Asks: 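My structure is below; once you've seen it, I'll send some questions.
Residue numbers begin at 1 in each chain, while the letters A, B, ... track the order of the sequences. Given the structure is predicted, the values throughout are model-derived calculations rather than measurements.
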There are 2 protein chains.
Amino acid sequence: MAAARTVGGPCQAWPEDSAFIREVLDRIGDKWTMLIISTLGAEAVRYSDLQASIPGISQRMLTQTLKHLERDGLLTRTAYAEVPPRVEYELTDLGRSLLDAVMAMAGWAAAHHAEVASNRAASELTGIGRARVPVSTPTD
Amino acid sequence: MAAARTVGGPCQAWPEDSAFIREVLDRIGDKWTMLIISTLGAEAVRYSDLQASIPGISQRMLTQTLKHLERDGLLTRTAYAEVPPRVEYELTDLGRSLLDAVMAMAGWAAAHHAEVASNRAASELTGIGRARVPVSTPTD
DNA sequence: CTGTATCCCTGAGGATACTG
DNA sequence: CAGTATCCTCAGGGATACAG
């Protein structure tokens, strides 16, 4: 279902369904969700491995994002009452279904990130898409 | 090429390619990018129509996001020197390729948002995924 | 109509310290 | 090991006013 009605007729995107996009954005659009989902993949991964696999994530963010994902039924948390505490996280079927879309995103990124970078560099030269770069000294 | 490339046995995610995910996240993970891309669809849309189609977006954010997308070569900006100024934005091929992934995300959201909401509601009752919600039941 | 420039505020999220 | 609790920064982004 990846290839929706892309090109063809006057198929502008969904009119009012944009709320769905907003929802999924609020859910997976944060800094770490997609990363965690893709890192989880199909395996059960424990907390520390997760932390090690995602460089730069803080415990706070890892825990928080995991809780959000668990709350939404995208993954399950399994705590083993052992001497060295072990907790494993694993995607649910629902989570795995999202993994597909995430992988599509990641696939796009892997396939086109160079092109994007190239375009951006070219734009710098032509001065196309410069946002608000302070060209002159701001009013001091 | 949308699928993974370094997938060997199980479909655990990409080891070091997570940088790509971070990149695409930084690009489309902001509040409005996916919305603009999906709203653009396959048609050329003018600024005011874009603004009308995306409730809640400010001119600042619309302009800024459009510039970012233009800079990255995801869309083109065409200004018509007419009496009432008209500017149209249209996805490039690159942008349309991303549109596929965005639609996949949106499709997932449309298909599962109810399930997610249901899970979340259930978690509230079982007390599963409560992050730091100021719960008003201290006496448990 | 299509932006640009400012002010300002909220909250995502990093750093750090502590607990079971 | 697997979190929890606090503090604090910084930048995303809304509101508003102005300009071409």
Asks: In terms of side-chain heavy atoms, does A:Ser97 have a donor or acceptor partner in A:Asp100 at a distance below 3.5 Å?
Replies: no

Asks: Hey, does A:Leu69 have a side-chain heavy atom less than 4.5 Å from the side chain of A:Ile36?
Replies: yes

Asks: Could you tell me how far apart B:Ile57 (CD1) and D:dT16 (C1') are, to the nearest whole angstrom?
Replies: 17 Å

Asks: Please tell me which of the listed nucleotides, C:dT4, D:dT4, D:dC1, lies nearest to the side chain of B:Thr63?
Replies: C:dT4

Asks: Taking atom C1' of D:dA17 as reference, at what distance in whole Å does atom CD of B:Gln59 sit?
Replies: 11 Å

Asks: For C:dT4, does OP1 or OP2 lie under 4.0 Å from any side-chain N or O of B:Tyr47?
Replies: no

Asks: Starting from P on D:dC1, measure out to CG on A:Leu66 and report it in whole angstrom.
Replies: 17 Å

Asks: Could you check whether A:Pro84 gets within reach of a base, just the sugar-phosphate, or nothing at all, counting any heavy atom under 4.0 Å?
Replies: nothing

Asks: Below 3.5 Å between N/O atoms, which protein atoms pair up with nucleotides 10-13 of chain D? Just atom names and distances, please.
Replies:
unit_1 : atom_1 : unit_2  : atom_2 : d
D:dG13 : OP1    : B:Lys31 : N      : 3.1
D:dG13 : N7     : B:Arg60 : NH2    : 3.0

Asks: Taking the side chain as everything from C-beta on, heavy atoms only, tell me whether A:Leu35 gets closer than 4.5 Å to B:Arg22.
Replies: yes

Asks: How long is the span from the CZ atom in B:Arg86 to the CD atom in B:Glu88, to the nearest 0.5 Å?
Replies: 5.0 Å

Asks: Rounded to the nearest Å, what distance is computed from the CG atom of residue A:Asp26 to the P atom of nucleotide C:dG13?
Replies: 12 Å

Asks: In the structure I gave you, are the side-chain heavy atoms of A:Leu74 and B:Val116 within less than 4.5 Å of one another anywhere?
Replies: yes

Asks: In whole angstroms, how far is the C1' atom of D:dC1 from the CD atom of A:Glu88?
Replies: 13 Å

Asks: In whole Å, what is the span from the CD atom of A:Glu82 to the P atom of D:dC1?
Replies: 13 Å

Asks: Just the rounded figure in Å: distance from C1' of C:dT2 to CG of B:Asp49.
Replies: 12 Å

Asks: Would you call A:Tyr80 and A:Pro85 a side-chain contact if the rule is heavy atoms closer than 4.5 Å?
Replies: no

Asks: Under a 3.5 Å threshold, yes or no: a donor from one side chain and an acceptor from the other, between B:Tyr47 and B:Thr63?
Replies: yes

Asks: Does B:Tyr80 reach a base, just sugar-phosphate, or nothing at all? Heavy atoms under 4.0 Å.
Replies: nothing

Asks: Atom CD1 of B:Ile54 to atom P of C:dT2: distance rounded to whole Å?
Replies: 14 Å

